[in-house]
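Sequence lines set the chain letters: A, B, ... in the order given, protein chains first and strands last, and positions in each chain run from 1. Computed from heavy atoms alone, side chains included, the values below leave out hydrogens, waters and symmetry copies.
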Number of protein chains: 2
Amino acid sequence: MKLSDGEWKVMQVVWEQQEVAARDVFDALEEETEWAYTTVKTMLTRLAEKGALAMHKRGNVSVFKPTISRAEARRSDLRGLVERAFDGAFGPMLQFLIEDKSLSAKERRKLQGLLEELEKENKGKRKGK
Amino acid sequence: MKLSDGEWKVMQVVWEQQEVAARDVFDALEEETEWAYTTVKTMLTRLAEKGALAMHKRGNVSVFKPTISRAEARRSDLRGLVERAFDGAFGPMLQFLIEDKSLSAKERRKLQGLLEELEKENKGKRKGK
DNA sequence: AGTGAACTGTTACAAATGTAGTAAGACAGT
DNA sequence: ACTGTCTTACTACATTTGTAACAGTTCACT
């Protein structure tokens, strides 16, 4: 599933609230964007057509729920990036991230911490098995 | 600079060869895509209009050179992803990368190695200073 | 029951993207 | 000089995305 920039904004709201009407999204994005109410409506309809949202009626109001998770969407966006920009492999991307110093020292430390944790977990699992 | 999927393909070739005519790109992408020669031509022209390529004539042949580096393009694509999908911060993205197990064990080890190296480098620098 | 606000479905239109055809000019081999 | 091949500039058309207006319908309140 490929989401455009605008669609991402809408989806972020939907994932927060899990169940939204156009009005909810409009309200949530009022600060961030200048969209007209009908623009939000259009986005929602398109996302439903695309299959990213499920729509049903509550009275005469359309209610939308996500059919894909944020994690899935993130995964596929990430995969897209890796494919178009990094020869399809995560390795080069990670390398780039690090070498390019896109990361602050803090982020690096955090990353390292996470990796270590994961490492431990895995050892645990292997033993238990 | 925002590049579309197709534009990325073209740019990858240009970065490889540093200096290309439409024919070169067409040849290089023949395996990967089904594009007509004129499609390649169009992409190149558009990329030049966009400012991602510089064009000049050698005889009656148009020759193109990159005006942005692959690293720059990667950075901005990465930044785009982080902004739309991860609240604008690298941290959450890294967290996701790891927790979500988008990475294989091998990739994780590699990442860890890279981080350690970087760590060492930095210590060295600090001492030297 | 009447009315204004909110909501819906439909339609619109421009820019970006994917994909390519065509006509005309340049050039290399005969 | 002629002809086939290559290249270019220009044009074309569908789809996706950004952005929204409009007209009809419904609902809540008086």
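Between B:Lys2 and A:Asp5 a salt bridge is recorded (basic side-chain N to carboxylate O distance below 4.0 Å). Between A:Arg108 and B:Glu116 there is no salt bridge, since no side-chain nitrogen of the basic residue lies less than 4.0 Å from a carboxylate oxygen of the acidic one. Classification of A:Lys9 and B:Glu83 as a salt-bridged pair fails, no side-chain N sitting under 4.0 Å from a carboxylate O.
At the heavy-atom level, B:Arg23 lies under 4.0 Å from the strands shown only through sugar-phosphate atoms.
Closest-nucleotide positions on DNA chain D for A:Thr38 and A:Glu7 were compared, and the one nearer the 5' end corresponds to A:Glu7. Residue order along DNA chain C, read from the 5' end via each residue's closest nucleotide, puts B:Lys50 first among B:Glu34 and B:Lys50.
If you measure from atom CG of B:Leu3 to atom P of C:dT17, you get 9 Å, rounded to the nearest angstrom. Here C:dA16 presents its C1' atom at 11 Å from NZ of B:Lys2, a figure rounded to the nearest Å. Summarising the geometry, the separation between CZ on A:Arg46 and P on C:dT11 is reported as 14 Å, rounded to the nearest angstrom. A:Lys41 has its NZ atom 5 Å from the P atom of C:dT8, to the nearest Å. For the pair A:Leu44 CG and C:dC7 C1', the interatomic distance rounds to 13 Å; values are reported in whole Å.
Side-chain atoms of B:Thr39 stay outside donor-acceptor range of the base of C:dG18, with no qualifying N/O pair under 3.5 Å.
Other residues, nucleotides and ligands contribute more than 12 heavy atoms inside 6.0 Å of the CD atom of B:Gln18.
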Worksheet item: How far apart are the C-alpha atoms of B:Met55 and B:Val63, what are their side-chain angles, what is the distance that settles it, and do they pass the side-chain contact (heavy atoms from CB on, under 4.5 Å) test?
Response: CA-CA 6 Å; B:Met55 169 173 53; B:Val63 180; over 6 Å; no
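Between A:Ile68 and A:Met11 there is a side-chain heavy-atom pair separated by less than 4.5 Å. Residues A:Leu78 and B:Met93 are in side-chain contact: their nearest non-hydrogen atoms beyond the backbone lie under 4.5 Å apart.
With values rounded to the nearest 0.5 angstrom, B:Arg84 atom CZ is found 4.0 Å from A:Asp77 atom CG.
A side-chain donor-acceptor contact under 3.5 Å links A:Asp24 to the backbone of A:Ala21.
Each end of the helix from C:dA1-D:dT30 to C:dT30-D:dA1 gets its own axis from five base pairs, and the two axes differ in direction by 0°, given to 10 degrees.
Nucleotides of DNA chain D lying under 4.0 Å from heavy atoms of chain A occupy a range whose first and last members, 5' to 3', are D:dT17 to D:dC27.
Within residues 52-72 of chain B, the residues having any heavy atom closer than 4.0 Å to DNA chain D are, in order of number, B:Lys57, B:Asn60, B:Val61, B:Ser62.
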